[in-house]
Amino acid sequence: MSNPTVHVVNLGCRVNRVESDRMTVELDRRGFDLVDEDDAEIVVINTCAVTGEAEAKTRKAVRHALGCARDPWVIVTGCAVNLHADVLTALSERVIAEPSKAKVAACAERLVADRLRDRPHSDDCDATTLTDLLGRSRIGVKVQDGCDNRCSYCIVWKARGPERSVALDRVLDDVRAAAASGIAEVVLTGVNLGAYRASDGSGKVLGIDGLLESIVRDTDIPHIRLSSIEPMDIDEALLARMAAHPTRVAPFLHVPIQSGCTETLARMNRPYDADDLLDLVDMIRGAVPGIALSGDLIVGFPGETDEEFECTRALVERIGFSRLHVFRYSARPGTPAATMPDQVPAQTMAARSAVIRALVDKTSRADAAARIGTIERAVIEYPGRGTLGSFHRVIVDDASDDLVGRLVDVAIMDVDSHGVLRGRVVRSAGAGAEAPVDLR
């Protein structure tokens, strides 16, 4: 009897990606064959609901799966399920909603129980199996979930629930498993990463800075990257940890500023103003010279005037982001912003988005060019191509398969017309290496 077949579709954020990876591993361990969507008897869709467009993509993904050749069962999980499961299950009797991602594999197993009855399985999920299945050199490690903030535009807190953190021992186990499997870089992820709080076993409560220090001290993972972290959660203690370990911690922060205008930020219910952001950026760059800054920005928030948008544009230019995710405001039913007056027309939002994207294309190229003549660590993900600690892509002179999956030091030589850096591999790097790294 052949193994049952499954395909996992991931939509949305980095946290979803980590959770989808874990579901993939558990499905493999329960005896499923992982196949392309058209060949699957079961399709698992990890949904997103952060914007109206994301929910539309979720419905499109479900309809696409239902139309696949084998008439598969479609198991939906994730944020859209936690908010509007009935909308998805109404699409077909073959759609099953499972709110708990931890139960998705068991749900799939029940659909083909007669073909898996005698197969042993494990509920554990280690990075060794993940690496074998997905062939990645960089993987995410989920350390936190949920959010207690109440930004006026956001629905995620309803879908994800209150803040909660993964126990320190569990995080360290996941990171050690990644290191043991040859993973070069872990990316610490969470819905509100800076809200991480956990005991170190002696009664001391660690924040994200303490977690970072524990990982550096107690694991052999070569490289660590922080995922998205809110501006109000970046402090001197965290920056000091990053600065103390330049060869282990990526010189990169993704900061969701959302707006560069004080008045807009107030309507968003964000706990800082434009001057606070500029002061924060100065503090970050003073502590970690050469750091690359990425971020999120919403254009067209209700009430955003031309003058307010100009404040945002000017702040974005002044910060000089290496990359920026630009979102057009999407009204989420049930949020305060959805019923605010002065909703911005779609055409205006599109025009403002284009302005910011063009600006960030320039600042990204400038940030890349500023790295010429420096040495920076990179994870080689494909022959001749890698990701720098600053998260810029780099083409390296050595295109051999031997370097794939390894952390190396790259002398940055040039940047091409597309803003992609080119460099020369100067040495292989390991967790304990303290090679000189010049990040201006």
Side-chain angles (χ1 to χ4, degrees), residues 50-54 149 151-154 228-234 252-286 288 290-332 335-338 340-371 390-392 415 417-420:
V50 67
T51 64
E53 181 181 4
N149 296 325
C151 301
S152 63
Y153 53 82
C154 188
S228 178
I229 185 165
E230 295 289 344
M232 52 279 196
D233 294 325
I234 301 171
F252 172 85
L253 284 174
H254 182 93
V255 188
I257 64 169
Q258 307 304 7
S259 176
C261 173
T262 294
E263 290 74 20
T264 308
L265 289 165
R267 292 196 302 277
M268 290 178 166
N269 199 31
R270 301 288 283 180
Y272 51 83
D273 62 23
D275 288 338
D276 293 332
L277 288 174
L278 292 174
D279 290 343
L280 176 64
V281 170
D282 287 345
M283 182 175 73
I284 292 171
R285 289 190 166 136
V288 189
I291 195 169
L293 293 178
S294 174
D296 296 329
L297 185 81
I298 298 171
V299 297
F301 190 77
E304 184 184 66
T305 64
D306 289 343
E307 292 76 16
E308 289 186 356
F309 173 70
E310 173 55 26
C311 289
T312 290
R313 188 208 62 77
L315 182 136
V316 168
E317 183 174 31
R318 182 169 172 181
I319 289 176
F321 285 98
S322 64
R323 61 179 59 205
L324 189 68
H325 299 159
V326 184
F327 299 92
R328 303 176 198 179
Y329 168 72
S330 177
R332 312 306 293 127
T335 64
M340 285 182 178
D342 301 319
Q343 299 282 323
V344 177
Q347 300 93 322
T348 302
M349 287 195 282
R352 290 175 181 174
S353 176
V355 168
I356 297 296
R357 290 176 188 275
L359 172 59
V360 174
D361 183 64
K362 293 179 181 179
T363 61
S364 176
R365 291 169 186 261
D367 188 87
R371 297 174 190 280
S390 59
F391 214 54
H392 285 286
V415 61
S417 60
H418 301 289
V420 178

Point to revise | Inter- and intrachain pairs under ring-ring contact (aromatic ring centres under 6.0 Å, His included), touching residues 300-328, at least two apart | key: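 Residue pairs with at least one partner in residues 300-328: His254-His325, Phe301-Tyr329.
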Between [X] (side chain) and [Y] (backbone), is there a donor-acceptor pair under 3.5 Å?
X      : Y      : answer
Glu304 : Gly300 : yes
Tyr272 : Ile257 : yes
Thr262 : Ala274 : yes
Asn149 : Cys151 : no
Arg352 : Arg313 : no

Check your understanding: Is any side-chain N of the basic residue among Arg328 and Glu53 closer than 4.0 Å to the acidic one's carboxylate O?
Key ->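 The answer is no: the pair does not qualify as a salt bridge.
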Can you give me the closest heavy-atom contact between [X] and [Y], atom names plus distance?
X      : Y      : answer
His392 : Ser364 : CE1-O, 3.7 Å
Pro256 : Pro231 : O-CD, 3.7 Å
Val415 : Ala368 : CG2-CB, 4.3 Å
Ala338 : Gln343 : O-NE2, 3.7 Å
Gly320 : Arg285 : O-NH2, 3.5 Å
Ser259 : Thr312 : OG-OG1, 3.3 Å

Point to revise | Partners meeting salt bridge (charged side-chain N to carboxylate O under 4.0 Å, His left out) with Glu263 (sequence neighbours left out) | key: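 By the salt bridge (charged side-chain N to carboxylate O under 4.0 Å, His left out) rule, Glu263 matches no residue at all.
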Out of curiosity, [X] [atom1] to [Y] [atom2], how far, rounded to the nearest 0.5 Å?
X      : Y      : atom1 : atom2 : result
Ser330 : Met349 : OG    : CE    : 8.0 Å
Gln258 : Cys154 : CD    : SG    : 8.5 Å
Ser152 : Leu265 : OG    : CG    : 10.0 Å
Leu253 : Ile229 : CG    : CD1   : 7.0 Å

Check your understanding: Less than 4.5 Å apart, any side-chain heavy atom of Val281 and any of Arg318?
Key ->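 The answer is no; the side chains never approach within 4.5 Å.
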Exercise for review: List in chain and number order the residues that pass side-chain contact (heavy atoms from CB on, under 4.5 Å) with Val326, two or more places apart in sequence or in another chain; answer none if no residue qualifies.
Suggested key: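 If we apply the side-chain contact (heavy atoms from CB on, under 4.5 Å) test to Val326, skipping adjacent residues, the hits are Val299, Leu324, Ser353, Ile356, Arg357.
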Point to revise | Sequence-distant partners of Met283, side-chain contact (heavy atoms from CB on, under 4.5 Å), two or more places apart | key: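 Here the qualifying residues are Glu236, Leu239, Leu280.
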Practice item. Tell me, please, which residues at least two apart from Phe391 pass ring pair (Phe, Tyr, Trp, His ring centres under 6.0 Å). Key: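 Only Phe252 meet the ring pair (Phe, Tyr, Trp, His ring centres under 6.0 Å) criterion with Phe391.
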Practice item. Taking side chain to side chain donor-acceptor pair (under 3.5 Å) as the test, write out the residues that go with Thr363, two or more places apart. Key: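 By the side chain to side chain donor-acceptor pair (under 3.5 Å) rule, Thr363 matches no residue at all.
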Practice item. Report the C-alpha separation of Arg270 and Glu230 in whole Å, then their side-chain angles, then the decisive distance to 0.1 Å, and conclude whether the salt bridge (Lys or Arg N to Asp or Glu O under 4.0 Å) test is met. Key: CA-CA 10 Å; Arg270 301 288 283 180; Glu230 295 289 344; 2.5 Å; yes
